[in-house]
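In what follows, chains carry the letters A, B, and so on, assigned in the order in which the sequence lines appear, proteins first and then strands, with residues in each chain numbered from 1.
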Amino acid sequence: MGKFKRNFYCGDLRPEHEGKEVCLTGWVQTRRDLGGLIFVDLRDRSGIVQVVFNPDQKEAFETADKIRSEYVIAVKGKVCMRPKENVNSKISTGYIEVIGKELEILSIAKTPPFAIEDNVKVDESVRLKYRYLDLRRPKMQHNMIFRSKVNKAIRDFLDENGFIEIETPILTKSTPEGARDYLVPSRLNPGEFYALPQSPQLFKQILMVAGMERYYQIARCFRDEDLRADRQPEFTQLDMEMSFVDVEDVIAINEKLIKYVVEKVTGRQVEIPFPRMTYKEAMEKYGSDKPDTRFGMEMVDISDLVENVDFKVFSQAVKGGGCVKGLTIKKGGEIFSRRQIDELGEKASEFGAKGLAWINITSEGIKSPIAKFFDEATLKQIIDKLQGETGDLLVFVADTNSELVMTSLGSLRLYLGKTLNLIDKNKLNFLWVTEFPLLEYSEEEKRFVAKHHPFTSPMDEDIPLLDENPAQVRSKAYDIILNGTELGGGSIRIHDAALQEKMFKVLGFSEERARRNFGFLLQAFEYGTPPHGGIAYGLDRMIMLLLGLDSIRDCIAFPKTQNASCLMTEAPSEVDIKQLNELHIQVKK
RNA sequence: GGCCCAGUAGUUCAGUUGGUUAGAACGCCAGCCUGUCACGUUGGAGGUCGUGGGUUCAAGUCCCAUCUGGGUCGCCA
C-alpha cells in the first residue's frame, strides 16, 4: 500500500462531506487535461467522483499530468461544493468534487482493449479474454454484488429455518443415467476414475439417513454436455433436502424462501402461494412442461369436433390416437399477410409439426384452405371453441402423435408471444408444475428411463401401475418455473429399499448393476430411512432471470465459451507427459 | 453430430460488378488550452483483411477446407 490509507469510497461522497479531508483510492476512469487544470474521474467499487488538480499543488499537478486511464492511484484532497454552473446532475457525486492535494501512482496500466464502462460495444470473446477488465465495469460489479446478496439471503433464510449447510465431495463416483460425467483419473488407483458430481443428489439423501433432517448447500455441479446461453459445464445449484416431509411441505417452505430472497434482493413483492399446474395440464394448454404464463394464447383441443370431418389430416390424426389443437392469434389475420402465414407454417415445421392449418376470420368472411372440408355448423363450433372473432387468425396442428402436436404448437405459441410482443417483461410469474410422469420410454435405449431421477417416488395411488403400465405412473416430482424457464426441480424420494429395488427393476437395471452403482445408497436405506424429499435450483439461472440478463455468463465471474474453454486461462490445455504417466493415462492421437 | 450468423486498425464497423497506396468513428501518442465531465483544438502513429489452399493478369471481395466466437436442434436423469 502507498503512503495514504483510504478513508472514503468515491461514490459515497455527498454535499454533507463538504470541507472534509479525504483519502481516496481507485482506478482512473478518465483524465481531462485543460492545460492549466486537470480533471480526473476516479472510480472504485462504489462509483465515480471527480478530482481536480491545479498548479497550486505543483507536485500533485505534475503527477496528474502523467496518469492515464486505468492507472491505480491514491489521492488526498478536500471535498468541495462545485460552483452551481459546474454541477453534473448525471452522476450521484456530481454536486461535489475533490480538490487534489497529494497524488500517488500505485500502479501504471496499459491502455485497456476496451473502455471500462457500461454499454460498451465489444465482442464477448474480448471481454472473456480480459475478464478482469470486463468485471471492472459497473454493470458486472453490480451483477456480482447482486449474486452475493442472493447467496446471503438464501443462507439467512435457511439458517433461520433450521437448515444445516453441509459440503459434499467434488471427487465422487460416476453414475450412469443422466448427463455425461466429467472424469478425474486416480493416481493411486490405476485405471480408475472419480467423477465430478452432476448434483449432490445421493449424498443429500444419505445425509437424511444420517439424521441431519434439513440440509442445504450452494453446490458446484458439473455436466459434460453442450453449452447454451443458459447452460455452463460447471454451474451452481442451491440444493436442499428435508426429512419427514411430503410434497406440500417442500413447496410451502420453498415459496417462503423465494418470497424472502426476491423481496430482499430486488425489493419487489412476491405473492404466495404460487399457482400450480399438473404436467398434464401444462402440456395440454401450453405444450411445455415449463409454461410461460406471462401471456395467454392457450392451446385448445378440437379433436372431438373434427373426428369425422372430411379433412383427412384432422380426422385421421384423431382416429389414429392423436389429436388436433389450435391457437387463436388475436388480430392475427390483420397482422399477418398470406405470405407471413406461410412463413408461420415453416416455423411450425421447424418445431416438428407436419403442417399448419389455418382459418382467417376476415370482415368479408372466412378465408381458409381447409374450410371447404367442414360443414357450416362444425366450422362455427371450431371458431366458437377458440373464441375466434373478426380479425383473428386460428392455426391448427394435427398428428397421430399427440405429444408432437402439443410441443410443436407450444413452441409456436412461444415464438408468437415473443415476436408479437405479448410478453410483459416486468412480470415475475412463478409456477409449480406437479405430477410429472415417473418414467419415459427411451427409443434409443429401448427401455424406460427416469424422467427426474431413479430415486423419485411414484404417487402412492399409481404404485400398482408400475408393473402393468409404467408410462402412466405419475411421480411426486415438481418443478418451479419462472417466466417460462425451469428454475429448479425436486421430488419426494423413495425411502423404502424394496420400492427402490423395484424401481431399478422397471428401469431395466440388473440387481448386480444396481448394487454396483448405488449399492451404498441401498445399503444405507436398510438402516432406518426417514421419508424425505427436496429440491435443487439452478442458481445461476435464477440470478440471470432476476437481473434480466440474456446470458448466464453475465452473472458468472469466469464463465466458459461454447467450446467449454476459458479464454482467459486457456483451459483446457495439454499437460506434461509426466503428469499423464503418473495418472496411468495414454492419450489417443 | 446438424443448421444459422459473425471474423478487416486496440475497439466497433464500412469496403461497389474482383482493379491505384484498404477507409471512418472512438481509443492511443505529441503540441496548445484554468471549469471540463462524450472537454476542445492541431498534428501523428497504428492493418499477416482469422488461417491454409485454389481460381485469376489481379482476391478483403469468388471457390474449397479449416480455426475461433455466438445462437439453435440433438443432448442436458
Whole-Å [atom1] distance, [N] and [M]:
N	M	atom1	answer
B:rA59	B:rG46	P	24 Å
B:rC32	B:rG15	C1'	36 Å
B:rG40	B:rG27	P	8 Å
B:rG52	B:rU16	P	23 Å
B:rU12	B:rG2	C1'	32 Å
B:rG47	B:rG69	P	26 Å
B:rC76	B:rU11	P	38 Å
B:rU61	B:rG19	C1'	11 Å

Using Watson-Crick or G-U wobble geometry with both distances under 3.5 Å, which nucleotide pairs with [N]?
N	result
B:rA58	none
B:rC76	none
B:rG23	B:rC13
B:rG47	none
B:rC37	none
B:rU68	B:rA6

Checking side-chain polar atoms at under 3.5 Å, does [X] have a donor or acceptor matched by the opposite partner on [Y]?
X	Y	value
A:K139	A:N119	yes
A:D123	A:S125	yes
A:T30	A:R32	yes

Pick base, sugar-phosphate or nothing for [X], based on heavy-atom distances below 4.0 Å to the nucleic acid.
X	answer
A:P113	sugar-phosphate
A:S199	base
A:V122	sugar-phosphate
A:A229	sugar-phosphate

| Only one of A:R493, A:Q217, A:M240 forms a side-chain contact (heavy atoms from CB on, under 4.5 Å) with A:K204, so which one is it? | A:R493

Heteroatom pairs (N/O) under 3.5 angstrom, protein to nucleotides 1-8 of chain B:
residue : atom : partner : partner atom : Å
B:rG1   : O6   : A:D226  : OD2          : 3.2

| query | Could you state the interatomic distance from CG (A:L422) to CG (A:L416), rounded to the nearest 0.5 Å? | reply | 7.5 Å

| field | Distance-only donor-acceptor test, A:R231 side-chain atoms vs B:rC76 base atoms, 3.5 Å | value | yes

For the pair made of [atom1] in [X] and [atom2] in [N], what is the distance, rounded to whole Å?
X	N	atom1	atom2	value
A:Y182	B:rC76	OH	C1'	12 Å
A:D550	B:rU72	CG	C1'	15 Å
A:D554	B:rG70	CG	P	12 Å
A:E350	B:rU72	CD	C1'	10 Å
A:F351	B:rG74	CZ	C1'	15 Å
A:I552	B:rC76	CD1	P	18 Å
A:L227	B:rG69	CG	C1'	13 Å
A:E570	B:rG69	CD	P	11 Å

Counting only side-chain heavy atoms from C-beta out, which of [options] sits nearest to [X]?
X	options	value
A:R553	B:rU12, B:rC76, B:rG70	B:rG70
A:V126	B:rU11, B:rC76, B:rG69	B:rU11
A:S565	B:rU12, B:rC76, B:rG69	B:rG69

| Which residue lies toward the 5' end of RNA chain B, A:K121 or A:R180, if each is placed at its nearest nucleotide? | A:K121

| task | Could you encode protein contacts along nucleotides 27-37 of chain B as a string, one character per nucleotide from 5' to 3', using B for base contact, S for sugar-phosphate-only contact and - for no contact, with a heavy-atom cut-off of under 4.0 Å? | result | SSSS--BBBBB

| request: Determine the interplanar angle of the A:Y130 and A:Y132 rings, folded into 0 to 90°, and report it as parallel if under 30°, tilted if 30 to 60°, perpendicular if over 60°. | output: perpendicular

| said: What verdict does the side chain to side chain contact (heavy atoms under 4.5 Å, CB included) test give for A:E435 and A:K476, after you've listed the backbone C-alpha separation in whole Å, the side-chain angles of each residue and the deciding distance to 0.1 Å? | reply: CA-CA 6 Å; A:E435 298 182 17; A:K476 294 183 183 172; over 6 Å; no

| query | Of the residues in residues 476-510 of chain A, which ones touch RNA chain B at a heavy-atom distance under 4.0 Å? | reply | none

| query | Do the side chains of A:S491 and A:I535 get nearer than 4.5 Å, heavy atoms only? | reply | no

| field | side chain to side chain contact (heavy atoms under 4.5 Å, CB included) involving A:E59 - partner list, sequence neighbours excluded | value | none

| task | For A:P437, check side chain to side chain contact (heavy atoms under 4.5 Å, CB included) against everything at least two apart and list the hits. | result | A:Y279, A:K451

| said: Quick one: does any side-chain atom of A:R231 pair with a main-chain N or O of A:I552 as donor and acceptor, under 3.5 Å? | reply: no

| task | Indicate yes or no for a side-chain donor-acceptor contact from A:R82 to the backbone of A:G94 under 3.5 Å, with no hydrogens or angles considered. | result | yes

| From CA spacing to verdict: side-chain hydrogen bond (donor to acceptor under 3.5 Å, both in side chains), A:D44, A:S46 | CA-CA 5 Å; A:D44 63 20; A:S46 65; 2.5 Å; yes

| said: I need the full list of ring-ring contact (aromatic ring centres under 6.0 Å, His included) pairs touching residues 474-509 of chain A, with sequence neighbours left out, sorted by first then second residue. | reply: A:F504-A:F509, A:F504-A:F518

